[in-house]
Amino acid sequence: MLSTELLTFYRQMAQRDLTIVDLETTGFKPPVARAIEISIIKANLEDGIQQQVTHLINPGVRVPEHITRITGISQAMVASADQSTEIWPACLPLLETGIFTAHNAAFDYPFVKAELKLQGQTFHKPSHEQFCTVIFSRLMLPDLPSRSLPNLVEHFGFEVGRSHRAGADTMACWLLAKMLLTEVCETNDAELLQRFGKQWLPMQEVTKIFGCKQAIAQRKLHLAGLEPRISGRSKTLMYQRAEVERVFWETQGRQTSLLE
């Protein structure tokens, strides 16, 4: 989305009921990996937190040692917890209402879908009913070196307890969302758009803005003289949002003039 569309979207999020979700899991890809802890917060900016529920889950699979080291959740802890068949049907009514919110929704949402599918339940939230605070923090906090949740907890001094436990991480996600959404509501358009413009975008996001294949978008940026930043071990090409959108609008202007 363009910056102006993002601004509209996040101001709408500030008026909505949020369902903040965090999972601890045995791995990265469901359904092979399973959820071993879930926490859900129901909240909005006007009323704050209305409810939080947190459950350890016994999925009937082994908890890898490296997961125990990260989360502190042991095999013995999940062995004494309620079964997945009990936890997920109880959580479904909470998950079905409100905007699905998570710090990296691209991780938590597929797990929720997969776990509910194992219980014979269908769960679906369209993109306009999902709110990812990782993506939001990249827009609102472009100058920070990291937007990982533990680093944001440390940076802002959120008192939430141990990171990589679902209860603490949902609370951190809520505090972050509350702070940044409040800022969106209280800051003028020009200042916010200027801040959004500092974000660095990978090519896959650039192609979404241009609505064309990657090679075509990359050629447009090259012809406009934009030089990418190379990021990370994967050598990802990154372009600054303000410059990408400038080229987009210039391209749109040329196309419009050709049609006149």
From CD (E154) to OG (S148), nearest 0.5 Å: 9.0 Å
CD (Q194) with more than 12 external heavy atoms under 6.0 Å: no
Approximate separation, where rounding is to 0.5 Å, of E250 CD and K220 NZ: 12.0 Å
Test item: L180 and S137 side chains (from C-beta on) under 4.5 Å apart, heavy atoms: yes
Shortest non-hydrogen separation from P59 to S84 and the atoms involved: CA-OG, 3.3 Å
Other cluster members, F100 - Ile/Leu/Val/Met/Phe/Trp/Tyr, side-chain contacts below 4.5 Å: V21, L23, F28, I38, I40, V53, I57, I87, W88, L92, L94, L95, F107, Y109, F111, V112, L116, F123
Residue pair A90 / P93: nearest heavy atoms and the distance that separates them: O-CD, 3.5 Å
Step-by-step salt bridge (Lys or Arg N to Asp or Glu O under 4.0 Å) determination, D143 to K198: CA-CA 8 Å; D143 297 324; K198 294 180 180 180; 3.7 Å; yes
Pairwise side-chain contact, N151 with H155, heavy-atom cut-off 4.5 Å (strictly under): no
Co-membership, hydrophobic cluster, residues F156 and M171, 4.5 Å side-chain: yes
pair L152-L141: side-chain heavy atoms closer than 4.5 Å: yes
CZ/R219: more than 12 non-hydrogen atoms of other groups inside 6.0 Å: no
Where L237 and I230 come nearest, the two heavy atoms and their spacing: CD2-CG1, 4.0 Å
Considering all heavy atoms, the nearest P142-R147 contact: O-NH1, 3.6 Å
Non-hydrogen side-chain atoms of T101 and M13 separated by less than 4.5 Å: no
T207 side chain near Q218 side chain, heavy-atom distance below 4.5 Å: no
Cationic tip of R229 above W200 ring, under 6.0 Å, 45° of axis: yes
Euclidean distance, L181 CG relative to M179 CE, rounded to 0.5 Å: 10.0 Å
Donor-acceptor contact below 3.5 Å, side chain Q52 vs main chain G167: yes
Remaining members of the apolar cluster that contains L223, side-chain heavy atoms under 4.5 Å: none
Same apolar cluster (I L V M F W Y, side chains within < 4.5 Å links), L6/L201: no
K113 side chain to T122 side chain, donor-acceptor N/O pair below 3.5 angstrom: no
Neighbour count >12 (heavy atoms, 6.0 Å) for atom CD, E65: no
R11 and D189 ion-paired at < 4.0 Å: yes
Pair Q15-C185, side-chain contact (heavy atoms from CB on, under 4.5 Å): steps then yes or no: CA-CA 10 Å; Q15 309 305 316; C185 293; 4.2 Å; yes
Side-chain heavy-atom pair E5, L7 within 4.5 angstrom cut-off: no
Value rounded to 0.5 Å, distance of CD1 in I135 from CG in N104: 8.0 Å
Residues R34, E115: salt bridge by 4.0 Å N-O rule: yes
Closest non-hydrogen atom pair between P30 and P110, with its separation: CG-O, 3.8 Å
Single-linkage hydrophobic cluster L149~I67, side-chain heavy atoms < 4.5 angstrom: no
Expected output: side-chain D108 to main-chain D22 donor-acceptor under 3.5 Å: no
Any donor-acceptor pair under 3.5 Å from S74 side chain to M77 backbone: yes
Pair Q75-T68, side-chain donor/acceptor within less than 3.5 Å: no
Hydrophobic cluster identity match, F210 and L226, side-chain contacts under 4.5 Å: yes
Audit row: M1, I209, side-chain contact (heavy atoms from CB on, under 4.5 Å) steps and yes/no: CA-CA 6 Å; M1 286 194 282; I209 289 175; over 6 Å; no
Pairwise distance OG1(T170) to CD1(I20) - rounded to 0.5 angstrom: 7.5 Å
Gap between atom NZ of K178 and atom OG1 of T133 - 0.5 Å precision: 15.5 Å
Mutual orientation of the aromatic rings belonging to Y10 and F131 [parallel < 30°, tilted 30-60°, perpendicular > 60°]: tilted
Side chain T71, main chain H164, donor-acceptor under 3.5 Å: no
Test item: L176 and F136 side chains (from C-beta on) under 4.5 Å apart, heavy atoms: no
Linked hydrophobic residues, I70 as query - side chain contacts closer than 4.5 Å: none
Closest contact, heavy atoms only, C132 versus A105: SG-N, 3.5 Å
Minimum side-chain heavy-atom gap L175-V160 below 4.5 Å: yes
CA sep, side-chain torsions, deciding dist, call: I99, D17, side-chain contact (heavy atoms from CB on, under 4.5 Å): CA-CA 6 Å; I99 299 296; D17 293 325; over 6 Å; no
Any donor-acceptor N/O pair, Q50 side chain to G48 backbone, under 3.5 Å: yes
Derivation and outcome, side-chain contact (heavy atoms from CB on, under 4.5 Å), residues R246 and R241: CA-CA 8 Å; R246 176 181 63 79; R241 174 178 284 278; over 6 Å; no
Hydrophobic cluster identity match, M238 and L2, side-chain contacts under 4.5 Å: no
